[in-house]
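Step one of this worksheet: look at the structure below.
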Amino acid sequence: MNKILIVLVSTLLCSSCNHQNTEKAAVNIDQQFDYFKDRFVNALWKQYPGWASSVGFHNYDSILTIPNNTEKEAGLLFSQKYLDSLKSFDINSLSQNNKTDYYLIKNNLESTIWYAKEFDSGSWNPAEYNIGGAFSEILNTSQYPLEDRLKNIILKLKNVDLYYAAAKENIKNPTKEHTDLAINQLSGAISVFDTDIPEAAKSAKLSEEEKNILHERCKKAVNEINNYVNFLKSMKNEHPRPFNIGKDLYFKKFEMDIQSKFTAEEIYQRALQRKKELHLKMYQAATALWPKYLGKEKLPNDSLKLIKMMIDKLSIHHTHRDSFQSEIEQQIPKLIEFIKQKDLIYIDPSKPLVVRKEPAYMQGVAGASISSPGPYDKNGNTYYNVGTLANYSATEAESYLREYNDYILQILNIHEAIPGHYTQLVYSNNSPSIIKSLFGNGAMIEGWAVYTELMMLENEYGNNAPEMWLMYYKWHLRSVCNTILDYSIHVNKMSEKEALQLLINEAFQQEAEAKGKYKRVSLTQVQLCSYFTGFTEIYDLRETLRQKKGNSFNLKQFHEHFLSYGSAPVKYISEAMLSN
Ligand code: ZN
Ligand code: ZN
């Protein structure tokens, strides 16, 4: 049924996008390219069943891919084959929409080859071998009946032993940081097999025999995961690989993942410049607020100290640790109301956003995130995952809550939910291209969320209060410093001490937040640059269009038009929007 859907979608696409193409040849090549995309996507799911499940294409849910050499070779062959097929299309004859898809497919295939051959994280990141998420995804989808899902899970569980045997074989020189992460996350993943699946099976109409096999295999999976964790714990590794990936890998990864018009070096320089500008704006705002909050207290000479004192003063306004999640829930309808009132962008009321506690298998990296239904699951829930504060001590919780104070929490909700990630992903799933929905560009996605923070304040969200602006600048400084930090640590080998100094002294972060960020940089690479890079590109584009169109520029139209391209790299969206 899903296959029919893809064909249908692309048929609609080519009849609607080619209307300006009067030449017959042009129509044909775009049609041919649409057929190619269908074939490619179908083959992609066959090649990567786990990826298919995660985007809501469930034909291959019963297959667990064993990460061995045979599989790696097959992946390389697959990528090469489709890169060759791409060459048969003259890119200049394609419609704008297909041109972008062409670039996205090409970049994806080239990335896959580069990741397998050069980056090779499978040999140094043990956390990549976590099956918890994949099984949880299948268990929790509402796209088909529970009984069939459990039958698929029975089949998928069959070769968990082979899976972990291959994982152990692949791990050559893991970093200490990724090893710790793996141990942590896998311990959480166990609950999927010893609690979640057995619980779900209780109410399912399965035969006794099926239930027995399921329980047997769940037990086996728990065993295999525990064995793998023990293998990691007992591994002798006197000179572990450093987590900093170094300049060469970093520059290439930036190119592959971000797909920006900027190089890593250029965006790093822009970020340094932006940090300076923000410090000046913050100094002005803090000085203006001084009499209201600190009265006759003497202004410190050091401007960073002055800003920090004002931020600290405002940060004591925060919610209680037990009402953190409910506070977030209450704010969502208010944001929707504001956007309607100001006519900033259409928000589809039929797609629900569900705020939930972060599932156990996701814990370890980020504090809040959005999980959206994939392009095959348009009626699925969009989740706003909120990290729990349950394991925090009183001091840690206070530090965290000051960071996410009453002002910042609103900006976080703009970023994560409305009109940030949640809104963008709804549009992305409606975009006329399966390719753009699938190969979502992280810099566009994060850049959009970061852009909306400023856009909301420009439209007087928070009534132009200097308190709100000061806190916004602090928050925005975080995106900027994410870039500076990531680049400095991975390329220039900045030390932990210097990193914490940058975050605490120059970005005004609480210690808990700063340490969390440092941990994240040690586990990821380049991703932290996506926020500021995407933001810079989107803001540049908006201002260029505003100038070009003069009085006829309309903000709501700009937003909806921009998002209609799906999660494509901003450089391609810019090309399309500036050409008409
Ligand atoms: Zn407090
Ligand atoms: Zn984000």
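Computed from heavy atoms alone, side chains included, the values below leave out hydrogens, waters and symmetry copies. Counting convention: from 1, in listed order, for ligands and their atoms alike.
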Please state whether the separation between the Zn ion (ligand 2) and some N/O/S atom of E416 is under 2.8 Å?
no

Can you tell me the N, O or S atom of E446 that's nearest the Zn ion (ligand 2)?
OE1

For the residue pair Y451 and W448, categorise the inter-ring angle as parallel (less than 30°), tilted (30 to 60°) or perpendicular (more than 60°).
tilted

Of all N/O/S atoms in E398, which lies nearest to the Zn ion (ligand 1)?
OE2

Between H559 and Y427 (judged by ring centroids, cut-off 6.0 Å), do the two rings come close enough to count as a pair?
no

Please find the N/O/S atom of H318 nearest to the Zn ion (ligand 1) and write down its name.
NE2

Are Y404 and Y400, when compared by the centres of their aromatic rings, separated by less than 6.0 Å?
yes

Have E329 and Y384 got a donor and an acceptor in their side chains that come within less than 3.5 Å?
no

